[in-house]
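Report on the following structure.
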Amino acid sequence: MKKNKGRKVLHFYNNTGDINKIILFLEDIQKKINYLSLNASVNGKDIKITLFGPRDLQTLASERLRELANKYL
């Protein structure tokens with residue numbers, strides 16, 4: 001069975017604009033999501049995260065990222 005690989009892009013918004021919250025968010029991502037390749041870019045209050053790898057792992061990572069975003073952003 002062939003596993004689909006690709007990329008998934010998630011966008012988050014830091015309502016407060018607090019840079020410390022963004023840093024804590026990114027540090028927690030680094031600790032908790034180590035089973036996929038990802039890129040994160042921050043532009044002002046916008047945070048863009050691109051996940052690379054198998055779709056099932058992308059789905060799992062997306063759920064964790066949303067939980068972290070709710071915690072920090």
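These figures come from a predicted structure and were not determined experimentally. Basis for what follows: all heavy atoms, side chains included, without hydrogens, waters or symmetry-related copies.
- Just one of L10, T50, L51 meets the side-chain contact (heavy atoms from CB on, under 4.5 Å) condition when paired with L38; it is L51.
- Heavy atoms from other residues, nucleotides or ligands lying under 6.0 Å from NZ of K8 number more than 12.
- Taking 4.5 Å as the limit, some side-chain heavy atom of V42 sits within range of a side-chain heavy atom of L26.
- The side-chain contact (heavy atoms from CB on, under 4.5 Å) test with F12 singles out one residue from L68, L65, D46, and that residue is L65.
- Connection of Y35 to I29 is established within a shared hydrophobic cluster, with ILVMFWY side chains joined at heavy-atom distances below 4.5 Å, either directly or through further cluster members.
- Applying the side chain to side chain donor-acceptor pair (under 3.5 Å) rule to pairs touching residues 22-34 yields D28-Y72, sequence neighbours excluded.
- Test N20, N14, I19 against T16 for side-chain contact (heavy atoms from CB on, under 4.5 Å) and you get one pass: N14.
- With rounding to the nearest 0.5 Å, the separation of CD1 in I33 from OG in S62 is 8.0 Å.
- Q58 contributes no side-chain N or O that, together with a main-chain N or O of L36, makes up a donor-acceptor pair within less than 3.5 Å.
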